[in-house]
Amino acid sequence: MAEQEERVSHFIADMLAQDLSDGRHAHIMTRFPPEPNGYLHIGHAKSICLNFGLAEQFGGVCNLRFDDTNPTAEEVEYVESIMADVRWLGFDWGERLYYASDYFGQMYEYAEALIQAGKAYVCTLSPEAFKAYRGVPTRPGQPSPSRDRPVAENLDLFRRMRAGEFPDGAYVLRAKIDMSSPNLHLRDPAIYRIKHAHHHRSGDTWCIYPMYDFAHGLEDAIEGVTHSICTLEFEVHRPLYDWLLDQLPVPCHPQQIEFARLNLTYTVMSKRKLLELVRDKVVWGWDDPRMPTVSGLRRRGFTASSIRTFCRKIGVTKTESVTDIALLEHCIREELNVSAPRVMVVLDPIKLVIENYPAGQVESLEGVNNPSDPAAGTRPVAFSRELYIERDDFMEDAPKKFFRLKPGQEVRLRYGYLVTCTGCEKDPETGEVVAVTCTYDPETRGGNAPDGRRVKGTIHWVSAQEGMDLRVRLFDRLFQVESPDDTPEGGHFRDNLNPNSCREVVAKGESVLASAVPGTRYQFERNGYFIVDEKETLPGKPVFNRIVPLRDSWAKKHQG
RNA sequence: UGCCCGAUGGUGUAAUGGUAGCACUACUGACUCUGAAUCAGUCAGUCUAGGUUCGAGUCCUAGUCGGGCAACCA
């Protein structure tokens, strides 16, 4: 994993290096703190690579911590998928698996301490009134009538909140900071709310739960995190993060650092929207190969290392940006080009009949498994009089630079013979081409002519008799526009879905694929990279997912 | 008409007061038993206006544009 050892340099790495050399910290501790309310996506992968990568780079550690302070949104299914995804991405949290819910007791003590210090109060305002009193960004807020409630009364009320004496929403614990602050988050934010909800870990022990702003800094401090790295939208929360840690006798005061989240063209990244696609069955599930989720990318066929490479290449900054999905595709092609075994598969088959080849004869030719890796060896490929070739590889009326089959033109059948196109057969009703005909030169076995003549085109093929049917899914981008979130007035991001994001075809492939192992990635020559689907493949009946097509400069030039 | 953050080719990033570089994309050409890969090349950038300085992408001021902030979500 050479790319992992490569030192990454960006403003956060610089800050950590500085803190280390200044002696501000003797070691680094970061954390990846997902809320288990959905599956991880590639944006999380960026954060995972950042946090675990930084720890690795500076000889520190990175914790995996579930920020599970809102029981109504969280589920164990998500906890499990998140752990599996982080592991799959290649990171190890060792013994440092934590849950915010494990700190509920300590957090409660801190909350009482804040009340004792006169820095928090129980507020009776309804959610609507709460909002009204808070004011708007341009106008200061008004103090809650509960703001000056005596400490003893606050304590009593808070204890009764915990005891379950009140219904949801009846009271809320608020930090007492500054109702006229230009930063809304400092206008006496709610820090504990009543929620009579069953928690996936703490069960029914609690009916009050801490809010993010109260909990997160404490979680960091309890664990001894040195650098708490999060995304830009938390920047305005930082004064509150710092205020809280300054008020309480915490073991340390971690530093919050913000960076820009990842955005990708042709997809959406919000958990809410991804959940909507799953719930409404727009996609097959969280691991649909078209989803930008880690599990979706995995099923699509992306490797963990290609995702890590991608995360290294996009960099870390505070600039809001949208990364071109082409970069991700580049990363997987780059890797698979050297590692994936080649095989011939015809996705849109049409028959090619070699008129002068003996009927019934079958010979075995030799195909190279991986041109960039001689050790991968060769395989036998059956050849006969009737083959399948791609419909696109024949044109009756072709442009001058069409190097494939057209009447009178000679091409090479990969690893086979040179053949010259003699014409085609058409359906008399529809006029559709049903077969292409040619003659072969017996002297060119293997693909080279003894007289040294050269042909410009080489096409792939599969023997009609010996080849096998293959289920192949051709995926395209889930959305047909670069920014699916940009919708006109009254529009919805779903209006931008690509109706052709998945097309399944029955292809013809080499028979070796009958024993293809689920999870194996191939290059279908001249087509693209494909993976044997791990969920739907049955013994002898592989199902393939297209990871990414090969670049195709000819199609690009001649499309439309 | 509040506060915070940001602004470098089409895209993503580097340059930490001293030659604006890299990658992706696009386009050329060479090569090729994958119209792939590879190789060579081309197009293309410091938001604006002032200021400081021998020298500014970098520092200062003002503006412009973009993003974030008004869940008892995280």
Side-chain angles (χ1 to χ4, degrees), chain A residues 9-11 14 33-35 37 67-70 72-74 123 125-127 130-132 134-141 168-174 181-187 189-195 208-209 211-213 215-216 230-239 258 260 262 265 271-272 313-331 333-334 337-338 342 344 368 371-372 401-404 411-416 418 446-448 454-460 482 523-528 549-558:
Chain A
S9 172
H10 46 69
F11 78 102
D14 292 348
E35 184 192 11
N37 67 344
D67 204 1
D68 54 354
T69 57
N70 182 6
T72 50
E74 299 152 6
C123 182
L125 252 27
S126 69
F130 186 107
K131 252 186 214 176
R134 182 172 41 212
V136 292
T138 50
R139 297 227 172 278
D168 288 8
Y171 294 102
V172 67
L173 183 69
R174 290 231 244 173
S181 171
N183 183 337
L184 284 303
H185 297 282
L186 260 19
R187 317 242 267 226
I191 56 177
Y192 255 97
R193 78 285 218 189
I194 302 172
K195 249 181 205 278
I208 57 171
Y209 293 92
M211 304 279 297
Y212 168 86
D213 283 312
H216 205 87
C230 61
T231 44
L232 250 28
E233 68 268 28
F234 292 102
E235 210 160 16
V236 283
H237 295 242
R238 183 160 22 108
E258 310 86 14
L262 171 67
T265 54
K271 274 191 188 176
R272 198 206 92 223
K313 288 189 187 220
I314 56 177
V316 179
T317 65
K318 295 190 69 157
T319 314
E320 291 266 7
S321 60
V322 184
T323 298
D324 192 338
I325 190 117
L327 183 60
L328 215 209
E329 296 175 344
H330 163 78
C331 292
R333 284 196 190 103
E334 182 183 46
N337 177 47
V338 301
R342 269 61 168 174
M344 293 196 286
V368 175
S372 55
K401 293 222 165 190
F402 185 77
F403 301 139
R404 287 112 94 151
V411 304
R412 173 167 32 238
L413 295 175
R414 184 120 161 112
Y415 303 130
L418 300 188
N448 289 304
R454 313 183 76 101
V455 295
K456 199 78 173 128
T458 298
I459 65 173
H460 61 283
E482 242 185 56
Q523 184 196 103
F524 290 179
E525 293 210 51
R526 302 211 304 137
N527 272 319
L550 246 35
R551 294 181 61 195
D552 187 349
S553 55
W554 197 83
K556 203 171 288 172
K557 210 192 300 190
H558 295 263

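Residue numbers begin at 1 in each chain, while the letters A, B, ... track the order of the sequences.
- Applying the salt bridge (charged side-chain N to carboxylate O under 4.0 Å, His left out) rule to A:Arg414 yields the partners A:Glu525; only residues at least two apart in sequence or on another chain are considered.
- The shortest heavy-atom contact between A:His216 and A:Asp67 is ND1-OD2, 2.9 Å.
- Mapping A:Arg414 and A:Ser321 onto RNA chain B by nearest heavy atom places A:Ser321 at the nucleotide closer to the 5' end.
- Using a 4.0 Å heavy-atom cutoff across all strands shown, A:Asn527 reaches no nucleic acid atom at all.
- Taking the P atom of each, B:A56 and B:C69 are spaced 38 Å apart, rounded to whole Å.
- Among the heavy atoms of the strands lying under 4.0 Å from A:Gln523 is at least one base atom, whether or not backbone atoms are also near.
- Among the atoms of the strands shown, none is found under 4.0 Å from any heavy atom of A:Val455.
- In this structure, A:Arg187 contributes its side chain and A:Ser181 its backbone to a donor-acceptor pair below 3.5 Å.
- Between A:His237 and A:Tyr212, the angle of the ring planes goes over 60°, which puts this pair in the perpendicular group of the 30/60° scheme.
- A:Phe403 has its CZ atom 12 Å from the P atom of B:C31, to the nearest Å.
- With both ends at atom C1', the span from B:U28 to B:G66 equals 36 Å, rounded to whole Å.
- B:A71 adopts a syn glycosidic conformation, its chi angle falling within 90° of 0.
- Atom NE2 of A:His10 is separated from atom C1' of B:G12 by 15 Å (rounded to the nearest Å).
- Here the closest heavy-atom approach between residue A:Leu186 and residue A:Pro239 is recorded as CD2-CB, 3.9 Å.
- Atom P of B:G12 sits at a distance of 25 Å from the matching atom of B:U19, rounded to the whole Å.
- The P atoms of B:A23 and B:A74 are separated by 44 Å, rounded to the nearest whole Å.
- If you check every strand for non-hydrogen atoms under 4.0 Å, A:Pro371 touches a base.
- Rounded to an integer number of Å, the gap from CD1 of A:Ile325 to C1' of B:G10 is 17 Å.
- For the P atom pair drawn from B:G67 and B:G29, the interatomic distance equals 41 Å after rounding to whole Å.
- Spacing between B:G55 and B:C65 at atom P, rounded to whole Å, works out to 32 Å.
- The residue A:Arg187 sits apart from the nucleic acid: no heavy atom pair falls under 4.0 Å.
- Not a single salt bridge (charged side-chain N to carboxylate O under 4.0 Å, His left out) links A:Glu482 to another residue, sequence neighbours left out.
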I'd like a table of atom pairs between the protein and nucleotides 71-74 of chain B - only N or O on both sides, under 3.5 Å - with the distance next to each one.
{"from": "B:A71", "atom 1": "OP2", "to": "A:Arg134", "atom 2": "NH2", "distance (Å)": "3.4"}
{"from": "B:C72", "atom 1": "OP2", "to": "A:Arg134", "atom 2": "NH1", "distance (Å)": "3.3"}
{"from": "B:C72", "atom 1": "N4", "to": "A:Leu125", "atom 2": "O", "distance (Å)": "2.9"}
{"from": "B:C72", "atom 1": "N4", "to": "A:Pro127", "atom 2": "N", "distance (Å)": "3.3"}
{"from": "B:C72", "atom 1": "N4", "to": "A:Gly169", "atom 2": "O", "distance (Å)": "3.3"}
{"from": "B:C73", "atom 1": "OP2", "to": "A:Arg193", "atom 2": "NE", "distance (Å)": "2.8"}
{"from": "B:C73", "atom 1": "OP2", "to": "A:Arg193", "atom 2": "NH2", "distance (Å)": "2.7"}
{"from": "B:C73", "atom 1": "O3'", "to": "A:Arg193", "atom 2": "NH2", "distance (Å)": "3.1"}
{"from": "B:C73", "atom 1": "O2'", "to": "A:Asn70", "atom 2": "ND2", "distance (Å)": "3.0"}
{"from": "B:A74", "atom 1": "OP1", "to": "A:Thr69", "atom 2": "OG1", "distance (Å)": "2.7"}
{"from": "B:A74", "atom 1": "OP1", "to": "A:Arg193", "atom 2": "NH1", "distance (Å)": "3.3"}
{"from": "B:A74", "atom 1": "OP1", "to": "A:Arg193", "atom 2": "NH2", "distance (Å)": "2.9"}
{"from": "B:A74", "atom 1": "OP2", "to": "A:Tyr212", "atom 2": "N", "distance (Å)": "2.8"}
{"from": "B:A74", "atom 1": "O4'", "to": "A:Glu35", "atom 2": "OE1", "distance (Å)": "3.4"}
{"from": "B:A74", "atom 1": "O3'", "to": "A:Asp67", "atom 2": "OD2", "distance (Å)": "2.7"}
{"from": "B:A74", "atom 1": "N6", "to": "A:His237", "atom 2": "NE2", "distance (Å)": "3.2"}

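- Inter-residue side-chain proximity for A:Phe11 and A:Val316 is flagged as met; some heavy-atom pair is nearer than 4.5 Å.
- Backbone-only engagement by A:Arg454 is indicated by non-hydrogen atom pairs under 4.0 Å involving sugar-phosphate atoms exclusively.
- The two residues A:Thr69 and A:Tyr209 have their closest heavy-atom pair at O-CB, 3.5 Å.
- A:Thr458 is linked by a side chain to side chain donor-acceptor pair (under 3.5 Å) to A:Arg412, counting only residues two or more places apart in sequence or in another chain.
- A:Ser126 pairs by the side chain to side chain donor-acceptor pair (under 3.5 Å) definition with A:Glu128, not counting sequence neighbours.
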N/O-N/O pairs, protein side and nucleotides 1-5 of chain B side, under 3.5 Å:
none

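- Not one side-chain nitrogen or oxygen of A:Thr317 sits closer than 4.0 Å to the OP1 or OP2 atom of B:G6.
- Here, B:C60 and B:G2 have their C1' atoms 24 Å apart, quoted to the whole Å.
- Whole-Å rounding puts the A:Arg404 CZ to B:U34 P distance at 13 Å.
- For the side chain to side chain donor-acceptor pair (under 3.5 Å) with A:Asn37, the lone residue among A:Glu74, A:Lys271, A:Arg272 that qualifies is A:Lys271.
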Short heteroatom pairs, N/O only, protein and nucleotides 57-59 of chain B, under 3.5 Å:
none

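- Residue pairs satisfying the salt bridge (Lys or Arg N to Asp or Glu O under 4.0 Å) criterion with at least one member in residues 315-324 of chain A, sequence neighbours excluded, are listed as follows: A:Glu235-A:Lys318, A:Glu258-A:Lys318.
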Could you summarise the pairing of RNA chain B as dot-bracket text, marking Watson-Crick and G-U pairs under 3.5 Å with ( ) or [ ] inside the strand and | across strands?
.((((((..((((....[..)))).(((((.......)))))....(((((..]....))))))))))).....

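- Listed here is the closest heavy atom pair of A:Leu184 and A:Gly135: CD1-O, 4.2 Å.
- Between the P atom of B:U34 and the CG atom of A:Leu550 lies a distance of 12 Å, rounded to the nearest Å.
- With both ends at atom C1', the span from B:U16 to B:G35 equals 46 Å, rounded to whole Å.
- No engagement by A:Phe524 is indicated, since no non-hydrogen atom pair under 4.0 Å with the nucleic acid exists.
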Find every protein N or O atom lying less than 3.5 Å from an N or O atom of nucleotides 23-26 of chain B, and list the pairs.
{"from": "B:A26", "atom 1": "OP1", "to": "A:Lys556", "atom 2": "NZ", "distance (Å)": "2.3"}
{"from": "B:A26", "atom 1": "OP2", "to": "A:Arg551", "atom 2": "NH2", "distance (Å)": "3.1"}

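- At the phosphate of B:U34, neither OP1 nor OP2 sits under 4.0 Å from any side-chain N or O atom of A:Arg342.
- Residues satisfying the salt bridge (charged side-chain N to carboxylate O under 4.0 Å, His left out) test with A:Arg404, not counting sequence neighbours, are A:Asp393.
- Nucleic acid contact for A:Glu320: sugar-phosphate only, since backbone atoms but no base atoms lie under 4.0 Å from a heavy atom of the residue.
- Under the rule for a salt bridge (charged side-chain N to carboxylate O under 4.0 Å, His left out), A:Glu35 has no partner lying at least two apart in sequence or in another chain.
- Here the side chain of A:Thr231 pairs no donor or acceptor atom with the backbone of A:Glu233 at under 3.5 angstrom.
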